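The structure displayed is predicted, hence computed values, not measured ones. No hydrogens, no waters, no symmetry mates; every other heavy atom, side chains included, goes into these values.
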Amino acid sequence: MSQNHVSGMEASAVSVLKRAVELDQSGRLQESLVCYQEGIQLLIDVLKVVKDETKRGHYRDKIKRYMDRAEQIKNHVSQLKEDGKYHEQIKIAEEATGYSYEALFKPYISSALTEVWVEDPYIRHTHQLYNFLRFCEMLLKASCQVKTVHLLTSQDEADSKQQSSALAEVKESLASHGVTLDLQFSTSIHDREIRFDNGWIIKIGRGLDYFKRPKGRFSVGYCDYDLRPCQETTVDIFHTKHTKTL
């Protein structure tokens with residue numbers, strides 16, 4: 001393996017672990033844990049190909065230090081979850097980027113996840129319907145076994161035909177991937193909340209619709225939501241042992 005490739009792997013590890021430390025220091029523990037685990041694995045991959053014993057010792061020390069911190073966070077988060085006291089808050093600033101659904105939800109998705117509840121009154125207009133579809137696509141690509149997605153939203157009185165048609169198509173498409181979409185409408189829904197049956201609850205002030213409109217169809221961020229500027233909103237994350245159903 002070339003020295004350039006090893007240097008690239010090390011640079012990736014440093015970048016991920018730097019992010020882990022930043023998240024750790026700002027109290028975003030579950031997110032930092034995911035980054036620590038990814039960074040540690042990258043360092044282990046580097047260790048496997050490095051021959052110099054001095055460098056190997058350096059990497060082993062780093063790996064141990066980060067593993068110890070990751071274990072501390074894991075235990076602390078487990079205790080908070082056990083006590084029902086887990087709460088993290090993420091403030092997404094106006095024009096901020098890097099908050100795609102993959103980036104935001106990944107730390108809370110586990111192999112145990114099989115059922116998801118989405119309460120959002122505004123899955124009506126074309127861009128909002130696409131938001132929901134992107135959220136479902138994210139679940140299909142994640143390392144979980146989602147079998148059912150429940151959506152509770154409000155009916156678009158101005159153009160219920162487009163909404164119904166779009167959601168029917170989403171339902172049919174999800175079914176072809178082995179996922180059931182349970183769709184319900186409410187005239188009184190106001191709160192926005194996403195619940196996972198592994199205990200995580202994510203409340204986003206703006207629901208799934210926290211992205212700004214792209215400047216044009218061929219502007220950066222139109223396809224990649226990590227590059228799409230956001231509207232200011234707050235994300236609250238909780239954990240409960242008992243996820244209630246709708």
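Residues V235 and I204 are in side-chain contact: their nearest non-hydrogen atoms beyond the backbone lie under 4.5 Å apart. Contact annotation: the side chain of R192 approaches that of P121 to within less than 4.5 Å [non-hydrogen atoms, C-beta and beyond]. Side-chain contact check for H125 versus D209: every heavy-atom pair is 4.5 Å or farther apart. Taking 4.5 Å as the limit, every side-chain heavy atom of W117 sits out of range of all side-chain heavy atoms of I194. The shortest distance between side-chain heavy atoms of E193 and I201 falls below 4.5 Å. Between V179 and L139, the closest side-chain pair of non-hydrogen atoms is not below 4.5 Å.
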- Message: The test is side-chain contact (heavy atoms from CB on, under 4.5 Å); show your working for N131 and D120 and say whether it passes.
- Response: CA-CA 11 Å; N131 285 341; D120 191 326; over 6 Å; no
- Item | CA sep, side-chain torsions, deciding dist, call: T97, L227, side-chain contact (heavy atoms from CB on, under 4.5 Å) | CA-CA 6 Å; T97 57; L227 299 171; 5.7 Å; no
- What do the steps show when you test Q163 against T153 for side-chain contact (heavy atoms from CB on, under 4.5 Å), and what is the final call? CA-CA 11 Å; Q163 182 191 31; T153 190; 4.1 Å; yes
- Residues D61, R65; criterion salt bridge (Lys or Arg N to Asp or Glu O under 4.0 Å); working and verdict: CA-CA 6 Å; D61 289 345; R65 190 164 73 249; over 6 Å; no
- Item | Derivation of the salt bridge (Lys or Arg N to Asp or Glu O under 4.0 Å) call for K64 and E71 | CA-CA 10 Å; K64 184 182 185 308; E71 190 63 26; over 6 Å; no
- Chi angles and distances behind the ring-ring contact (aromatic ring centres under 6.0 Å, His included) call for Y225, F211: CA-CA 8 Å; Y225 274 31; F211 297 102; 4.5 Å; yes
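In this structure, CD in Q37 is found 12.5 Å from CG in L42, a value given to the nearest 0.5 Å. Taking NZ of K171 as the reference point, atom CG of L174 lies at 10.0 Å (rounded to 0.5 Å). A distance of 14.0 Å separates CD1 of I123 from CD of Q155, quoted to the nearest 0.5 Å. Of the inter-residue distances, the one linking D68 atom CG with Q72 atom CD reads 7.0 Å to the nearest 0.5 angstrom. To the nearest 0.5 angstrom, L208 atom CG is 11.5 Å from L133 atom CG. Atom SG of C35 and atom CD1 of I73 lie 10.0 Å apart (nearest 0.5 Å).
V34 and V21 fall into different hydrophobic clusters, where Ile, Leu, Val, Met, Phe, Trp and Tyr side chains are chained together by heavy-atom contacts under 4.5 Å. No continuous path of ILVMFWY side-chain contacts below 4.5 Å connects I40 to L23, so the two sit in separate hydrophobic clusters.
Nearest heavy-atom pair across S32 and D24 is CB-N, 3.5 Å.
A donor atom on one side chain and an acceptor atom on the other are found under 3.5 Å apart for E115 and H150.
More than 12 heavy atoms of other residues, nucleotides or ligands shown are found within 6.0 angstrom of CE on M138. The number of heavy-atom neighbours closer than 6.0 Å to OH of Y122, taken from other residues, nucleotides and ligands shown, is 12 or below. More than 12 heavy atoms of other residues, nucleotides or ligands sit less than 6.0 Å from atom CD of E94. Heavy atoms of other residues, nucleotides or ligands lying less than 6.0 angstrom from CD of E22 number more than 12. For E157, the CD atom is loosely surrounded, since the number of other residues' heavy atoms within 6.0 Å does not exceed 12. A 6.0 Å sphere centred on CD of Q145 holds no more than 12 heavy atoms belonging to other residues, nucleotides or ligands.
Taking the six-membered ring for Trp, Y210 and Y99 have ring centres at least 6.0 Å apart. Between Y101 and F132, the distance from one ring center to the other does not fall under 6.0 angstrom.
Screening R206, K212, R213 for a side-chain hydrogen bond (donor to acceptor under 3.5 Å, both in side chains) with Q231, the sole residue that qualifies is R206.
N198 places a side-chain N or O within 3.5 Å of a backbone atom of Y108 that can act as its donor or acceptor partner. In this structure, the side chain of T234 does not engage the main chain of K91 through any donor-acceptor pair within 3.5 Å. A donor-acceptor contact shorter than 3.5 Å links the side chain of R56 to the backbone of V50. Of the possible donor and acceptor atoms, one in the side chain of E88 sits under 3.5 Å from a partner among the backbone N and O of Q30. No donor-acceptor distance shorter than 3.5 angstrom exists from the side chain of S165 to the backbone of K161, with no hydrogens or angles considered. Formation of a donor-acceptor pair under 3.5 Å by the H177 side chain with backbone atoms of S173 is found in this model. Here the side chain of E31 pairs no donor or acceptor atom with the backbone of P107 at under 3.5 angstrom. Within the 3.5 Å criterion, the main-chain N or O of T114 finds a donor-acceptor partner in the side chain of D197. A donor-acceptor distance shorter than 3.5 angstrom exists from the side chain of D226 to the backbone of S100, with no hydrogens or angles considered.
Listed by chain and residue number, F105 satisfy the ring pair (Phe, Tyr, Trp, His ring centres under 6.0 Å) test with F135 (two or more places apart in sequence, or in another chain). In this structure, the ring pair (Phe, Tyr, Trp, His ring centres under 6.0 Å) partners of Y86, at least two apart in sequence or on a different chain, are W200. With sequence neighbours excluded, the residues satisfying side-chain hydrogen bond (donor to acceptor under 3.5 Å, both in side chains) with R124 are S154.
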Just list the side-chain donor-acceptor pairs under 3.5 Å for residues 215-223, sequence neighbours left out, or say none.
residue	atom	partner	partner atom	Å
S219	OG	G216	N	3.1
S219	OG	G216	O	2.8

Quiz: residues 76-85 side-chain donor-acceptor pairs under 3.5 angstrom, not counting sequence neighbours:
residue	atom	partner	partner atom	Å
S78	OG	K74	O	2.9
Q79	NE2	D83	OD1	3.1
Q79	NE2	D83	OD2	3.3
E82	OE2	K241	NZ	3.4

Show me the donor-acceptor pairs within less than 3.5 Å that the side chains of residues 9-19 make with the rest of the protein, sequence neighbours left out.
residue	atom	partner	partner atom	Å
E10	OE1	Y59	OH	3.2
E10	OE2	Y59	OH	3.0
S12	OG	G8	O	3.1

